[in-house]
There are 2 protein chains.
Amino acid sequence: MTILTPNITDGLLDTYNSEGIKQMAADGTATNIASELASDVHSGLLRPGDMFPSERNLCERFGVGRSIVRDGMTILHGMGLADHTKGTRPRVAIPTLSRVMLGASDAAQYFFKDNEGRAHLQQARLFLETSMVQYAVQNASNAQIAKMVGAVEECDANLDNIASFRNADVKFHHALAEVPGNPIFVALHETFVDRLMKRAPIKDNHLAHNQISNEGHKEIVSAILAKDTDAAVRSLTEHLVRNNETFLHRSLTNKIVKT
Amino acid sequence: MTILTPNITDGLLDTYNSEGIKQMAADGTATNIASELASDVHSGLLRPGDMFPSERNLCERFGVGRSIVRDGMTILHGMGLADHTKGTRPRVAIPTLSRVMLGASDAAQYFFKDNEGRAHLQQARLFLETSMVQYAVQNASNAQIAKMVGAVEECDANLDNIASFRNADVKFHHALAEVPGNPIFVALHETFVDRLMKRAPIKDNHLAHNQISNEGHKEIVSAILAKDTDAAVRSLTEHLVRNNETFLHRSLTNKIVKT
DNA sequence: TATGATATTTTTGGTCGACCAAAGATGACT
DNA sequence: AGTCATCTTTGGTCGACCAAAAATATCATA
């Protein structure tokens, strides 16, 4: 394993060429089949919504039995490129970073279920959104700011509706993640933050909490409009830290609220 | 699908309880088998290095045929929890965020192979490391700074050795990602940045390039020592943007250097 | 004849048990 | 106690079987 041809230990895919993309030697391994199909999807040879070639067809193409092909399809599904819903014939999924990350999310959730892991996740989120807000102060377009304002209004209109408020809350932070126009940030946000938010425990006295929370949103937008980076970061940090602290506090005082 | 029990579309794992962890109804689906084994690994019931129960054993336990169990093991491997190397009997891997992300990396590489995707990745890296450096200015311990200095010295000692310099270069940025002590940052760095760096094309005149690059490292550390956030961020940005620009420029002028 | 519904055949994914080579365990023999 | 032969267990692969879905053919009716 040299440095220039980095064969990272134990990835699902094993050999890379100088471009970093899997070489397509048609060896009949499951990983190879998966990566070849993946290439076809990303290259547009297979279009989202299409059906994959039938398994028997792939058997013939790779010269292996159906078990191998089937394994390859499982891997492909894990990569978020195959849509195996409800017994229907698998179809090509839209290749999206968010979908890809979803697979990682399934595996990563275990790291975030205890308080320590949750705190790490919260910190990562704080760092991510801090970067977003700093960027937004400098570069957010009026349309993007308007989208955030829209979410704030939606929050205000649903202060007493837990589900709807959360929806709007997520929408606000999602709009923030969209500002740089970088799909990586959106994917990270959807994969980790959105799920985290939607799964958060319910606060007692949620009306008051929601009011305070949305005041935080307003402060953030105001600071962005005023192009005041420090104020924006400060408001965001307060907004996020407060939620995390109330969670920890609730855990300490053992006030379990039924979900 | 309600908001409070978020059943995100099409994840590999399907049903969640209020804790967000998969419910363990012993239905004989591959995903269930995978998640149950995953639970056993994360709970410590299966220790890293152990062998998994034999496939026939699992067949009996879940009341299904070996194909299903085998599918479950494939999924588990995709989650980075099973070690299927070289035909030996699969063993329990150390559950690590980095390993988990490795699976996502295989699927995500396709999004980063063109110039646009690469630019997005570079931006994400810039944002991540900016956060790290800001945090480091405030909180880095002497030991952590010493580690960075060590990497800088190693860079200096290997200015003319492409592989060794890259190693030391990676080490420097890795040390930066370690400062907050948050495994998420380390995992993100190892998964995306390390691979990106090790795979980067070779510059012509690498000696001069390496010198300039390491000067950047020195500026960054100096700014951290001086607790000068602005200077640290500025140095880091210059350091990273320069690499990206030379890459794009090289691409435009078509000066392909053999790898 | 054209058209729509219905019956039939084919194809497809899902599941299973059987076979194989190799690795590991067991026992015999020196 | 050590070495070698034998046997058991294990993962890897394959083909066969099944139910459901799709495609095709059939036929009654306007």
Side-chain angles (χ1 to χ4, degrees), chain A residues 10-15 25-38 40-41 46-93, chain B residues 10-15 25-38 40-41 46-93:
Chain A
D10 262 315
L12 279 178
L13 311 181
D14 295 316
T15 54
D27 57 1
T29 73
T31 58
N32 180 58
I33 293 174
S35 71
E36 190 138 341
L37 268 318
D40 290 348
V41 172
L46 290 173
R47 306 189 145 276
D50 287 357
M51 330 174 286
F52 288 96
S54 82
E55 297 184 351
R56 270 123 179 145
N57 186 327
L58 293 173
C59 289
E60 191 188 355
R61 172 168 155 195
F62 290 96
V64 292
R66 216 146 69 80
S67 321
I68 318 286
V69 168
R70 188 143 251 279
D71 240 31
M73 293 299 294
T74 300
I75 294 173
L76 208 64
H77 181 210
M79 292 201 270
L81 294 180
D83 198 351
H84 271 262
T85 40
K86 51 181 174 185
T88 167
R89 187 159 163 197
R91 292 183 176 277
V92 179
Chain B
D10 262 313
L12 278 179
L13 311 180
D14 296 316
T15 54
D27 59 0
T29 72
T31 59
N32 180 59
I33 293 174
S35 70
E36 190 139 342
L37 268 319
D40 290 347
V41 172
L46 290 173
R47 305 190 146 277
D50 287 356
M51 324 174 291
F52 288 96
S54 82
E55 296 184 351
R56 269 116 178 151
N57 185 326
L58 292 173
C59 289
E60 191 187 353
R61 173 168 156 196
F62 289 96
V64 294
R66 218 146 70 79
S67 321
I68 318 287
V69 167
R70 188 142 250 282
D71 241 30
M73 292 299 295
T74 300
I75 293 173
L76 208 64
H77 182 209
M79 292 201 268
L81 294 181
D83 199 351
H84 271 263
T85 39
K86 53 181 173 184
T88 169
R89 186 158 165 198
R91 294 183 174 277
V92 180

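Below, each value reflects all heavy atoms present in this structure, side chains not excepted, and no hydrogens, waters or symmetry copies. Just so we're on the same page: letters track the sequence lines, and every chain starts at 1.
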Grab the [atom1]-[atom2] distance between [X] and [N] for me, whole Å please.
X     : N      : atom1 : atom2 : value
A:H84 : D:dA21 : NE2   : C1'   : 16 Å
A:R91 : D:dA22 : CZ    : C1'   : 11 Å
B:D71 : D:dG11 : CG    : P     : 15 Å
A:L58 : C:dG13 : CG    : P     : 8 Å
A:R89 : C:dT10 : CZ    : C1'   : 12 Å
A:E60 : D:dG15 : CD    : P     : 13 Å

Name the closest nucleotide to the [X] side chain, picking from [options].
X     : options                : result
B:V64 : D:dC14, C:dT12, C:dC16 : C:dC16
A:R66 : C:dG13, C:dC16, D:dT10 : C:dG13
B:I68 : C:dC16, D:dG11, C:dG13 : C:dC16

The salt bridge (charged side-chain N to carboxylate O under 4.0 Å, His left out) partners of B:D40 (sequence neighbours excluded) come to B:R61
Looking at every heavy atom in both [X] and [Y], which two are closest together, and how far apart are they?
X     : Y     : result
A:G80 : A:A93 : O-CB, 3.7 Å
A:P90 : A:H84 : CG-CE1, 3.7 Å
B:V92 : B:R47 : CB-O, 3.5 Å

Under 3.5 Å, side chain of B:R91 to main-chain N/O of B:G49, donor-acceptor pair present? yes
Ordered by number, residues from residues 48-57 of chain A within less than 4.0 Å of DNA chain C (heavy atoms) are A:S54, A:E55, A:R56
Paired with B:L37, the side chain to side chain contact (heavy atoms under 4.5 Å, CB included) test is passed by just one of B:N32, B:L46, B:L81, namely B:L46
